[in-house]
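The next block holds one structure in the form of structure tokens; read it before the comments.
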Amino acid sequence: MFLNPRLKSHDLLFYDALEKRSELTKQENRRHAATLKGFEGECLYDEIFNDVGHGDVLVYRDLYIKIGESVTQYDALVIDDEGIAVNEIKNYTGDYKVEGGDWYRAGRRISEDPVAQLNRAVGKLIGLRNAANSSFRVSGKLIFPSDDFYLHTDDNSLWSKIVVRSDLRRYFRQFRGGKIGNKSQFIVRLLSEHIAENPYFKSDVDETRLRKGVYCEQCSSYNLLKTRFHFTCTECQSKMTNETLLLRALSDYKYLFYGKPMTRVSFMNFIGHSLTFKVVYRILLKHCYVDRKGKKTTYTFKYRNFEEAISKAELYFKYKDHLKG
DNA sequence: AGTACCGTGTCAATATGGAG
DNA sequence: CTCCATATTGACACGGTACT
């Protein structure tokens with residue numbers, strides 16, 4: 001049973017927004033692609049786990065756990081009465097080689113050490129367990145969900161630490177018949193008491209490089225015609241409500257200037273004054289928490305991101321989007 | 001006190017979506 | 001298709017706050 005949803009990371013949402021509003025540098029493009037690939041690997045993991053079934057275990061996904069002064073990120077934690085299995089998901093593709101403990105791809109040493117990462121993640125949980133004077137088991141596996149991943153190694157002990165795609169279903173099936181009782185409840189409570197926010201994520205882009213305005217949901221074009229209630233894209237003829245495009249802009253703003261308070265003036269500037277202040281103001285009241293400070297009133301987007309905002313069932317929009325294609 | 005914003009309210013007009 | 005209810009808009013107005 002999945003305990004929480006799999007969500008795009010802050011980094012991915014940041015690059016998604018930045019890509020829509022500026023030219024990415026080569027390095028940003030690489031970071032974006034790597035982040036997206038990682039997320040796709042996690043989704044693939046979820047998909048296969050769903051298919052095999054996870055009714056006999058509890059699964060946490062994308063968790064940041066604060067232990068002592070440090071925060072550790074976990075892609076997936078599989079919990080039953082036996083203990084916790086840490087699954088570190090690596091969406092590697094292509095030929096990899098491990099020699100003398102070092103990882104190579106296409107002959108080049110890669111920048112991360114998956115085994116060390118896994119050991120560190122497992123060690124942190126063992127520390128948490130010991131501090132709680134408990135006795136459950138903490139194990140760990142490196143999961144490679146891509147069917148295009150090949151590993152060659154001189155170290156046969158490595159295979160016990162990894163699960164490749166062809167073994168993944170069998171690995172998940174091992175969790176069948178697991179018990180979810182008091183011990184599991186204890187572990188979940190222990191973990192939930194230490195859940196933290198992503199402490200590494202900071203963003204503060206140079207405003208001048210950003211394209212101001214609102215853009216088409218369908219094709220990302222900024223060439224939009226304003227009509228009452230809607231914008232119509234001149235490229236793909238999609239028709240979108242003011243509210244949809246403003247929610248997208250609010251979501252972009254949140255991740256491009258993460259943690260920085262947003263004023264109405266700065267947001268109006270962000271969208272290039274493509275709508276009148278009153279329309280924007282009403283949207284802000286509807287979708288933001290308002291911190292009234294006289295002239296310096298700030299607004300905080302209520303939702304995690306755009307997708308969450310439009311999926312909220314309690315929201316009702318009279319006017320609809322008409323996306324083409 | 002004066003100024004420049006910012007926030008809030010009212011209300012007629014109307015494009016839209018859905019019902020008939 | 002036509003018609004109707006109404007959510008949203010835009011104009012106009014007013015009160016409040018921060019700063020000089």
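Letters go in sequence order (proteins before strands), and every chain restarts at 1.
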Using whole Å, what does the distance between atom [atom2] of nucleotide [N] and atom [atom1] of [X] come to?
X         : N       : atom1 : atom2 : value
Tyr281(A) : dG10(C) : OH    : C1'   : 16 Å
Phe317(A) : dA7(C)  : CZ    : P     : 14 Å
Leu247(A) : dT8(C)  : CG    : P     : 12 Å
Tyr316(A) : dT16(B) : OH    : P     : 15 Å
Tyr319(A) : dT9(C)  : OH    : C1'   : 9 Å
His230(A) : dG17(B) : NE2   : C1'   : 10 Å
Ile283(A) : dA7(C)  : CD1   : P     : 15 Å

Are [X] and [Y] in a cation-pi setup, meaning NZ or CZ lies under 6.0 angstrom from the ring centre and within 45 degrees of the ring axis?
X         : Y         : value
Arg31(A)  : Phe14(A)  : no
Arg61(A)  : Phe2(A)   : yes
Arg211(A) : Tyr222(A) : yes

Can you check whether Pro145(A)'s main-chain N or O pairs, donor with acceptor, with Arg165(A)'s side chain at less than 3.5 Å?
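Judged by distance alone, yes, a pair lies under 3.5 Å.
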
Kindly indicate whether the side chain of Lys318(A) and the base of dT6(C) share any N or O donor-acceptor pair separated by less than 3.5 Å?
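Between dT6(C) and Lys318(A), which were checked side chain against base, a qualifying N/O pair under 3.5 Å is present.
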
With distance as the sole criterion, do the side chain of Lys278(A) and the base of dG9(B) form a donor-acceptor contact below 3.5 Å?
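Per atom types, the contact qualifies.
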
State yes or no: are the ring centers of Tyr303(A) and His287(A) separated by less than 6.0 Å?
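Judged by ring-centre distance (under 6.0 Å), Tyr303(A) and His287(A) do meet the cut-off.
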
For Thr276(A), report the nucleic acid contact type (base, sugar-phosphate, nothing); a contact means any heavy atom under 4.0 Å.
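Sugar-phosphate, no base atom in range.
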
When you check the phosphate oxygens OP1 and OP2 of [N], does a side-chain N or O of [X] lie under 4.0 Å from one of them?
X         : N       : answer
Asn242(A) : dT9(C)  : yes
Lys296(A) : dC19(C) : yes
Tyr299(A) : dG7(B)  : yes
Lys239(A) : dT16(B) : yes
His322(A) : dG17(B) : yes

Let me spell it out: for each of Thr298(A) and Lys320(A), pick the nucleotide of DNA chain B with the closest heavy atom. Which residue's pick is nearer the 5' end?
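Final value for this comparison: Thr298(A).
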
Closest-nucleotide 5' rank along DNA chain B - winner of Arg264(A) and Thr227(A):
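Whichever sits nearer the 5' end wins; that is Arg264(A).
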
Measure from the side chain of Phe229(A), starting at C-beta and using heavy atoms only, and say which of dG17(B), dT9(C), dA18(C) lies closest.
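Nearest listed nucleotide: dT9(C).
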
Among the candidates dA7(C), dT14(B), dA18(C), find the nucleotide nearest to the side-chain atoms of Arg228(A).
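Closest nucleotide among those given: dT14(B).
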
Nearest-nucleotide comparison on DNA chain C, the residue closer to the 5′ end among Phe277(A) and Arg282(A):
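Nearest nucleotide further toward 5': that of Arg282(A).
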
